[in-house]
> 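Attaching a single structure in structure tokens format; questions to follow.
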Amino acid sequence: MADSPRRPVLALEATALDSVLSLMWMLLCVVVIIVLAYLFTRYVAGRRGFGGIGAPGGTGRFKALARLPLGREQSAVLIQAGKRYLLLGVAPSGVTLLAELTEEEAQELYAQPTGQPQPPSFGEALRTVLKQKKPR
């Protein structure tokens, strides 16, 4: 009979241990999901293609210089293909050549307006906002 009072205490400790382990497992899963989401967004932003998130880009002699959204799924894209500059209309139904531009015309469209600062990157903007946030 001396053992009977200890059994409920052991059962209570086992239940508390199960709860703590369950909480730790859930926190680990949340951390893994956040890390995977971060890595995925870095991957997508690094691609920098037509459908990708982030600034236009490309490599070598073929690259997207600028993109202007025109509607929900339509955009105009300035492409450099070697020494040729093409203005393309991109829509779900296909890609259409709008114009072929000279190098001077393309540079004029692509160049930042003088006297206007370049917008900050997402990381820089986030750091600025976090510095401005006042602790409660």
> Quick check: is Phe122 connected to Leu130 through a chain of hydrophobic side chains (ILVMFWY, heavy atoms under 4.5 Å apart)?
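Hydrophobic grouping puts Leu130 with Phe122.
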> For the hydrophobic clusters of this structure (ILVMFWY residues joined by side-chain heavy atoms under 4.5 Å, transitively), does one cluster hold both Val31 and Phe40?
no
> Are Leu101 and Leu86 close enough, and set up right, to give a side chain to side chain contact (heavy atoms under 4.5 Å, CB included), and what steps lead you there?
CA-CA 6 Å; Leu101 307 172; Leu86 307 171; over 6 Å; no
> Which atom names give the shortest non-hydrogen contact between Val77 and Ala64, and what distance separates them?
CG1-CB, 4.2 Å
> For the atom pair CD (Gln74) and OG (Ser93), what is the distance rounded to the nearest 0.5 Å?
8.0 Å
> For Asp18, is there any backbone N or O sitting under 3.5 Å from a side-chain donor or acceptor partner on Ser22?
no
> Applying side chain to side chain contact (heavy atoms under 4.5 Å, CB included) to Glu100 and Arg84, what does each step give before you reach the verdict?
CA-CA 7 Å; Glu100 185 167 348; Arg84 297 177 67 188; 2.9 Å; yes
> Run Gln80 and Phe62 through side chain to side chain contact (heavy atoms under 4.5 Å, CB included) and show every step you take.
CA-CA 6 Å; Gln80 177 185 2; Phe62 186 80; over 6 Å; no
> Do you know the tightest heavy-atom contact between Leu78 and Ala106?
CD2-O, 3.8 Å
> Determine the minimum heavy-atom distance between Gln107 and Tyr85, stating which atoms define it.
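Taking Gln107 first and Tyr85 second, the nearest heavy atoms are NE2-OH, 3.6 Å.
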> Could you give the distance from CG (Leu21) to CG (Leu28), rounded to the nearest 0.5 Å?
12.0 Å
> How many angstroms lie between atom NZ of Lys131 and atom CG of Leu126, to the nearest 0.5 angstrom?
11.0 Å
> Using every non-hydrogen atom in the two residues, find where Ser75 and Pro69 come nearest and quote the distance to one decimal.
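Looks like CB-CA, 4.0 Å.
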> List the steps, then state whether side chain to side chain contact (heavy atoms under 4.5 Å, CB included) holds for Leu88 with Thr96.
CA-CA 6 Å; Leu88 304 175; Thr96 306; over 6 Å; no
> Any link between Val20 and Met26 through a network of hydrophobic side chains (Ile, Leu, Val, Met, Phe, Trp, Tyr) touching at under 4.5 Å?
no
